[in-house]
Amino acid sequence: MINLRSILQQIIMSNDIQIKNGLTINLKGAPENIVKKASFPKSVSINPLNFHLITPKLVVKVGDKVKMGDVVFYSKKNPEIKFCSPVSGTISDIVRGAKRKILEILIDSDNNQNIKKHKISKIDSYLRNDVLDLLLNSGCWPFIKQRPYDIIANPNDTPKSIFISAVSSAPIAADIEIILNDQKEEFKAGLNVLNKLTDGDLNVCIEKNHNSFIQEIDNISIHNVSGLHPAGNVGVQIHHIDPVNSGEKVWILGAEDVAIIGKLFLTGIYEPTRTIAVSGPPVKYPQYYKTIVGSKLSNIISDAGISANDNLRFINGDVLTGYSVDKDSYLGFYNNTLSVLREGNHYRMFGWIPFINNKVPSIYKTSFSWLFSNKKYDLDTNLNGEERALVVTGEMEDVFPMDIFPMQLLKECMSGNIEKMENLGIYEVAPEDFALIDYSSSSKIEAQKIIREGLDLMVSEVG
Amino acid sequence: MNIRKILDTVKKPFGKGEKFEKYAPAVNAFDTFLFVPNHTTKHGAHIRDAVDLKRTMITVILALLPALFYGIYNTGFQYYSQLDTSFTTIDAIIHGSIKIVPMIAVSYIVGLAIEFAFAIYRGHEVNEGYLVTGLLIPMIMPVDIPLWMVGLSVAFAVLIGKEAFGGTGMNILNPALTARAFAFFAYPTYMSGNKVWVSEASNIDGVSGETILGMLASGESTIPYDVSQMFYGAIPGSIAETSTLMVVIGAFILIFTGVGSWRIMLGSVIGAAVTGLLFNLWGANELMNFSWFNHLIVGGFAFGVVFMATDPVSAAQTTKGKWIYGILVGLFCILIRVFNPAYPEGVMLAILLMNVFAPTIDHYVIESNIKKRLNRKLNSNLNVA
């Protein structure tokens, strides 16, 4: 009897994850629950750099007319993975860098869109291969990424499970429930499609004690997540629910991208819309904008009340994991947040002395910021110090909620010791899981970069 | 912002591609003490915590100050007590300062000179770690040690103990304890016996300034100090080790700010208390009979455990490893005290010994994590099959 109860309890408990080792950073400028429609972008970009380790093979040239959903380029290594135009219009420029590397493909949109329509039937009637074909041909495939390595999934693999995180824990990041609010049917359809891709579980993680429409969806395995950031990181959730062993593959998707896939299977149209949160301390009206993947930033930043003259940094993604872009640049393929920070290229006299400067919070109680746990901060991009040798131990573990030794793994990544990296759990991590280590390191190391390079080494050596 | 402008002008010849570029680390070291630099995040997280190594190290120094100030007072107090003359607190502090401030100056000048030289030679910025080491070294020396010996010990510790291993973050042994061990074995007459612990004791005949542990080791059973004296620190000993109260204040600062590892401190106290208790039950010699609680508050135990065993570079680095390391430091400290009358103070050797074994402890902790991961893989393969 007691046994039965404990087993039952375990089953119930196993669907709950609580993250204690982490950090919630309170920043000013969190997005408010207002969704506005952005004006239709005159120009959009497809940035091959968004697709890590993909070498693009172009099928268009400058001046070509494309329909929404037409192929723009495909992966040189995996030609079946195609990348399609999010709008109809004309290819206006192909920006190249050193060694003629393609940096950006720009498309001038026309307002009356020519739309490519795929043949569809009822989702229930699809076989796995039909689903794969439609995903690959429509341009939806790049939304599916894999762990290990955090790269676009290989369509020839069969994942042991699929994970979708509907939890937003990163500082001032978009709230996924708000994004999905008007695409619930598409989201559900997308889940039905994804269920055909794996024999294992389709896991969706939601915020605990948060009334979500996702709770009512059938045929998925729901997990309640609570606690500190990085509770919303899908890698952390995988680690606690169904960890990746060497040789195994888990596929992951952004929740909003599931809705784009759902829409494809409901209408036959690849229409990569994005509800993007514009957030950050310098943003006057932090709120959401409905627009298109890859659309021009200027389309929304002036409307959000961001002064173009200020010394600002625009970040595609959240403030911990995103990449910085010029204000004349474009949204990325994956991000649902556009974060804005003030640049911190100024000197601070004696700013390193404890208990003097309380404007910058610290995980160490060396400023009075711990007295005001609810205070929201106006952080800029200052490094607050200089890079140093690794001295302090234990601080990484405090913000790293996995059963992995982060410092030892980082050191093995730096020395490129593949066997040790594998032993220490490189297959279970992605750069974003090390973002809080970047943030809190007293030696100011660049942990995400080190892990990315370590993962790239694994891809090239192990594959 | 005027100071900033002056600094920028001064720094110009040290800039990139300029004549004195090589020496830039030396200038930068001073500049970054005045100003947090204008560096912004380049890769990874766009926002960063306020903490850097300067702040971490200065926090440790703040934690050391109570023990240092008491050490200065106690040096004077012990000096005047043996003279049997009346004196004021001010007198004691003045005498202590005259003795100790030059030692600190020598330690910083010699140590930082070597650090700067290596930073320029290796082309990296000056690491802040020596700010703590440089203060620790005089604090754990006997008061009458000649200044040149302080300088030599510092040079040995920084060159052989630290830079030979690759500099900050790479050393195996705690540099401050390396300095003390060097002096201890190179100049034993200045580092042990009953004349070195009280200022000028060797010049005044007939007065014994033996430490409590020294007395016990030589078989004396009556200690002329009570427990409260041992705790507050009005006893002979190395400069800043005597006051357990001041060390506890320092420990509180380190633990509260999160800079020092409470696991190592608590582990050591548990290790020493249990070992002491077991020896109390055995009771074969004076040191075994010495109450386990008194073991914790005399000698350098408290100081060593709070400020030296917790040095993150030379201690164990994993969470479990820290517990094991701490417990073993405590155990070996009492073990050396009790069984080796030649070294009545065991904490220095116990910590150095565990510094050597810390990588081994970590190795086994990490191995168990690796095994867990391999087993998980085996199990998952079984499930699939």
Side-chain angles (χ1 to χ4, degrees), chain A residues 25 243 245-246 248 313 315 319-322 324 339 341 343-354 357 360-367 379 381-386 388-394 397 403-405 407-408 423-425 435-436 438-440 442-444 446-449, chain B residues 1 3-4 28 32-59 62 124-125 127-129 166-170 256-259 261 263 312-313 315-319 322 362 365-366 369-370 372-374 376-377 380-381 384:
Chain A
I25 305 165
N245 298 304
S246 71
E248 294 176 343
R313 179 180 295 192
I315 300 156
V319 291
L320 291 174
T321 62
S324 61
S339 313
L341 292 171
E343 284 287 3
N345 51 346
H346 53 79
Y347 290 88
R348 251 180 24 247
M349 198 168 191
F350 295 124
W352 55 275
I353 293 179
N357 197 322
V360 192
S362 176
I363 58 161
Y364 291 92
K365 288 184 184 153
T366 56
S367 76
L379 286 187
T381 64
N382 194 286
L383 199 54
N384 297 318
E386 283 183 304
R388 289 287 184 269
L390 281 174
V391 169
V392 180
T393 61
E397 286 81 353
D403 188 17
I404 285 172
F405 288 104
M407 189 169 83
Q408 283 73 14
N423 283 340
L424 288 170
L436 278 175
D438 271 358
Y439 170 79
S440 62
S442 55
S443 298
K444 309 292 174 191
E446 291 168 341
Q448 293 190 79
K449 191 169 168 247
Chain B
M1 238 18 202
I3 306 173
R4 188 63 249 164
N28 287 343
T32 56
F33 262 94
L34 283 172
F35 291 94
V36 171
N38 59 351
H39 302 173
T40 54
T41 52
K42 292 280 178 290
H43 304 278
H46 297 269
I47 51 173
R48 299 299 171 101
D49 194 276
V51 78
D52 64 348
L53 275 190
K54 278 194 184 63
R55 190 180 272 199
T56 319
M57 294 303 166
I58 217 73
T59 310
L62 281 178
H124 62 64
E125 297 297 328
N127 276 288
E128 288 83 4
T168 304
M170 311 290 213
F256 177 78
T257 54
V259 168
S261 166
R263 292 183 180 91
V313 175
Q317 303 183 335
T318 55
T319 307
K322 281 175 183 166
D362 282 336
V365 173
I366 293 165
N369 179 272
I370 291 172
K372 214 195 291 178
R373 188 163 293 111
L374 290 174
R376 192 182 71 200
K377 192 193 170 189
S380 115
N381 287 350
V384 172

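Each chain gets a letter, A, B and so on, in the order its sequence line appears, and its residues count up from 1.
- The candidate with the highest count of non-hydrogen atom pairs below 4.5 Å against chain B, out of A:L379, A:V319, A:L436, is A:V319.
- Interface check for chain A: of the options B:G169, B:A50, B:G258, the most heavy-atom pairs under 4.5 Å are formed by B:A50.
- Contact count versus chain B (heavy atoms, under 4.5 Å) is highest, among A:R388, A:H346, A:Q448, A:K444, for A:R388.
- Among the candidates B:D362, B:L374, B:I366, B:V313, the residue making the largest number of heavy-atom pairs closer than 4.5 Å to chain A is B:I366.
- For the pair B:N369 (side chain) and A:D403 (backbone), a donor-acceptor distance under 3.5 Å is present.
- Among B:T59, B:L62, B:N127, B:T168, the residue with the largest count of heavy-atom pairs under 4.5 Å with chain A is B:N127.
- By the 4.5 Å heavy-atom criterion applied to side chains, A:N384 and B:V51 are not counted as neighbours.
- Of the two parts of B:T32, the backbone and the side chain both hold a non-hydrogen atom closer than 4.5 Å to a non-hydrogen atom of chain A.
- The backbone N or O of A:M349 sits nowhere less than 3.5 Å from a side-chain atom of B:R4 that would complete a donor-acceptor pair.
- Per-residue heavy-atom pair counts under 4.5 Å with chain A were compared for B:A315, B:G129, B:P37, B:S261, and the maximum is reached by B:P37.
- At a 4.5 Å heavy-atom cutoff, A:S339 makes no contact with chain B through either its backbone or its side chain.
- Highest contact tally toward chain A, considering only B:K322, B:R373, B:K377, B:Q317, is held by B:R373 [criterion: heavy-atom pairs under 4.5 Å].
- Residues in residues 41-54 of chain B take part in these salt bridge (charged side-chain N to carboxylate O under 4.0 Å, His left out) pairs, two or more places apart or across chains: B:K54-B:E128.
- Take B:N28 and apply the side chain to side chain contact (heavy atoms under 4.5 Å, CB included) test, not counting sequence neighbours, and it matches B:K11, B:A24, B:E125.
- When A:L390, A:T366, A:V360, A:V392 are compared by the number of non-hydrogen pairs under 4.5 Å with chain B, A:T366 comes out ahead.
- Looking at heavy atoms from C-beta onward, A:L383 lies out of side-chain contact with B:V36 at the 4.5 angstrom threshold.
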Audit row: B:I58, A:I353, side chain to side chain contact (heavy atoms under 4.5 Å, CB included) steps and yes/no: CA-CA 7 Å; B:I58 217 73; A:I353 293 179; 5.5 Å; no
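- Side-chain contact annotation: A:E248 with B:S380, donor-acceptor N/O pair under 3.5 Å present.
- In terms of heavy-atom pairs under 4.5 Å with chain B, the best-connected choice from A:S246, A:G322, A:S362, A:G385 is A:S362.
- B:V259 places a side-chain heavy atom less than 4.5 Å from the side chain of A:Y364.
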